[in-house]
Amino acid sequence: EQVNVTGNGILNLVRKIKANGDDEWDLRPGISVGASYRTGTIITPGIELLILEDQSRITPGVYVAVAPNVRVSAGLGIGIEHRADDLQLKTLLQVEF
């Protein structure tokens with residue numbers, strides 16, 4: 001059994017559509033803090049808090065080991081601020097070195 005706590009600086013790519021229809025892309029910095037409780041070797045439950053300058057969300061999810069030091073995670077992110085998406089499906093490929 002193992003508790004894993006992570007913190008990551010992130011850059012969130014945001015697309016804005018102007019009134020004339022042109023696209024504008026912007027990188028916004030943020031932080032992601034997560035914790036998981038590894039009880040076995042294949043499936044691990046976890047939770048993540050994502051904090052960006054204009055939105056934050058909490059994402060409960062599951063990590064699945066697909067190979068040694070390689071995991072795939074999936075979860076549903078729930079917005080905790082008015083400007084955040086109400087619900088967002090999040091997937092992640094994690095490779096440990």
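All values derive from a computational prediction rather than experimental measurement. Numbering of residues begins at 1 and proceeds along the displayed sequence.
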Starting from I31, can I reach L49 by hopping between I/L/V/M/F/W/Y residues whose side chains sit under 4.5 Å apart? yes
What about V64 and L76, same hydrophobic cluster or not, with Ile/Leu/Val/Met/Phe/Trp/Tyr joined at side-chain heavy-atom distances under 4.5 Å? no
Taking every non-hydrogen atom, the tightest pair across S32 and L50: CB-CD1, 4.2 Å
Between V66 and V72 the two heavy atoms that sit nearest each other are CG1-CG2, 4.0 Å
Please list all pairs meeting side-chain hydrogen bond (donor to acceptor under 3.5 Å, both in side chains) that have one or both residues in residues 60-71, counting only residues at least two apart or in different chains. R71-Q94
With side chain to side chain contact (heavy atoms under 4.5 Å, CB included) as the criterion, how do K90 and R57 come out once you've worked through the C-alpha distance, each side chain's angles and the decisive distance to 0.1 Å? CA-CA 11 Å; K90 179 175 181 177; R57 66 183 156 268; over 6 Å; no
Within the distance-only criterion (no hydrogens, no angle test), does the side chain of N20 pair as donor or acceptor with the backbone N or O of D22 below 3.5 angstrom? yes
Residues passing the side chain to side chain contact (heavy atoms under 4.5 Å, CB included) test with I47, sequence neighbours excluded, are I58
Which heavy atom of D23 sits nearest a heavy atom of R15, and at what distance? OD1-NH2, 3.1 Å
Give me the atom names and distance for the closest heavy-atom approach of T44 to S36. CG2-CB, 3.7 Å
Validation row: P29, I10 side chains within 4.5 angstrom (heavy atoms): no
Near I42 CD1, under 6.0 Å, is it more than 12 heavy atoms from other residues, nucleotides or ligands? no
As a quick check of understanding, evaluate side chain to side chain contact (heavy atoms under 4.5 Å, CB included) for T6 and V33, giving each step before the final call. CA-CA 6 Å; T6 60; V33 179; over 6 Å; no
Identify the heavy atoms of R28 and L52 that sit nearest to each other, and give their distance. O-CD2, 4.4 Å
Taking I43 as the starting point, is it possible to reach Y37 by hopping between hydrophobic residues whose side chains are less than 4.5 Å apart? no
Please report the interatomic distance CG(L92) to OG(S73), rounded to the nearest 0.5 Å. 4.0 Å
Any carboxylate oxygen within less than 4.0 angstrom of a Lys/Arg side-chain nitrogen, looking at D26 and K16? no
For L13 and W25, work out which heavy atoms get closest and say how close. CG-CE3, 3.6 Å
